[in-house]
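Below is one structure; the comments refer to it alone.
To find a chain, count down the sequence lines: A is the first, B the second, and so on, and within it residues start at 1.
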Amino acid sequence: MLASKSEGDLAQRLLAALEASVTVPARLRQEILSVSASNREQVENMAASIVRHISLFAGSANVLSILMKLDVATGGAFVLVPRDEKLRIDNEASLVVARRTAITLASKLGFGPVERTKVATAVSELARNIVMYAGSGEIRLVVSLTPRISLTVEARDSGPGIANIDQILGGGFRSNTGLGMGLRGVKSIASDFALQSAPGQGTRVRALFLSPVQR
Amino acid sequence: MIDRIPILRIRDLLLVSIQADLHDILVEQLQSDILKELERKSARGLVLDISAMQVLDTYTARAFVHTAQMARLMGTRTIVSGMTPAIALTLTEMGFTASGFETALDLESALEALSAPEMDL
């Protein structure tokens, strides 16, 4: 499908701004020129390719400043600059939104399909625990660009808390609802994991995901 | 947000293609719709095509296992098709074993498998 004229123009402006900062290989150039601004998946993949290229070519310390230039050049049409997100979790719909937001943000950090799925799955598990056990809570997605690009998922609630953390994370506990499997699963797909909870004290979970790009 | 996923019947097969962002109520609704459809008229096979799904967490994966088990009790064989490598890798790393349902690479392979004699699970 051909991109519309205005979309083609946007892509051209994006490419020109990127080329002003880094050398753009033919493959990435092609990807940028063929993207349709209204196709979420295409935009996400393009965002990921751009960030991966910048961090490999210019170093992750330069990612943010270059992305800002790209957003300025395109009038914010793609919103490439990654920002922290704070999401209130209190029902089914908020869970879906949280997953979606996580995928989009992860793509802006250069995460590939596997890493994106891991982050979104972690968000999904933690958000579901909040809805099921605490009723409501909050998930924050915290971006870090140096020394290495990463995304931290922080879940927080003031629910009943967990008494048998070691048992749950150690795999010796199986709830009918699957709380243990979800938390253990998040722990095993995250690069770093911390769980803080006690009966009556609510629960806080932190799961770190590193971008595959390293320089 | 949509509130139902359509179930297509092609001869004695049921086909469900999940295109939406699945939320839990939708999963439960789908489960009960499948059972109602099987009660109304039996089916030899059920294909759940998840090729459009980017995320499949352990809750939803378990729901698929339960659906497959219930369908099995009603004489129907379930195949989950189109799981992306990203989902397969994530579920595996999370310690979820897909022993509860059969899988196929894509919809076509799933339909082929259902027309062939059944493997032992």
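Heavy atoms of Leu56(B) lying under 4.5 Å from chain A belong exclusively to its backbone. Looking at Ile103(A), the atoms closer than 4.5 Å to chain B (heavy atoms on both sides) all sit in the side chain, from C-beta outward. Leu89(B) touches chain A through its side chain: at least one heavy atom from C-beta onward sits under 4.5 Å away, while N, CA, C and O do not.
Crowding of Gln69(B) atom CD: a count of heavy atoms from other residues, nucleotides or ligands under 6.0 Å exceeding 12. Annotation for Glu41(A): atom CD does not count as buried by contact number, only 12 or fewer foreign heavy atoms lying within 6.0 Å.
Under the 3.5 Å distance criterion, the side-chain polar atoms of Arg99(A) are matched with a main-chain donor or acceptor of Leu22(B). In this structure, Glu92(A) contributes its side chain and Asp24(B) its backbone to a donor-acceptor pair below 3.5 Å.
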With side-chain contact (heavy atoms from CB on, under 4.5 Å) as the criterion, how do Met181(A) and Met94(B) come out once you've worked through the C-alpha distance, each side chain's angles and the decisive distance to 0.1 Å? CA-CA 8 Å; Met181(A) 174 152 217; Met94(B) 292 178 88; 5.9 Å; no
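Taking all atoms of both residues into account, the shortest heavy-atom contact from Ala86(B) to Pro113(A) is CB-O, 3.6 Å. For the pair Tyr59(B) and Glu125(A), the tightest heavy-atom approach, listed with the atom from each and the gap, is N-OE2, 4.4 Å.
Here the rule is side chain to side chain contact (heavy atoms under 4.5 Å, CB included) with Asp57(B), and of Val123(A), Leu126(A), Thr121(A) only Thr121(A) fits it.
Ranked by heavy-atom pairs under 4.5 Å with chain B, the list Lys118(A), Arg128(A), Lys187(A) is led by Arg128(A). Your options are Thr117(A), Val131(A), Val114(A), and the one with the most heavy-atom pairs under 4.5 Å with chain B is Thr117(A).
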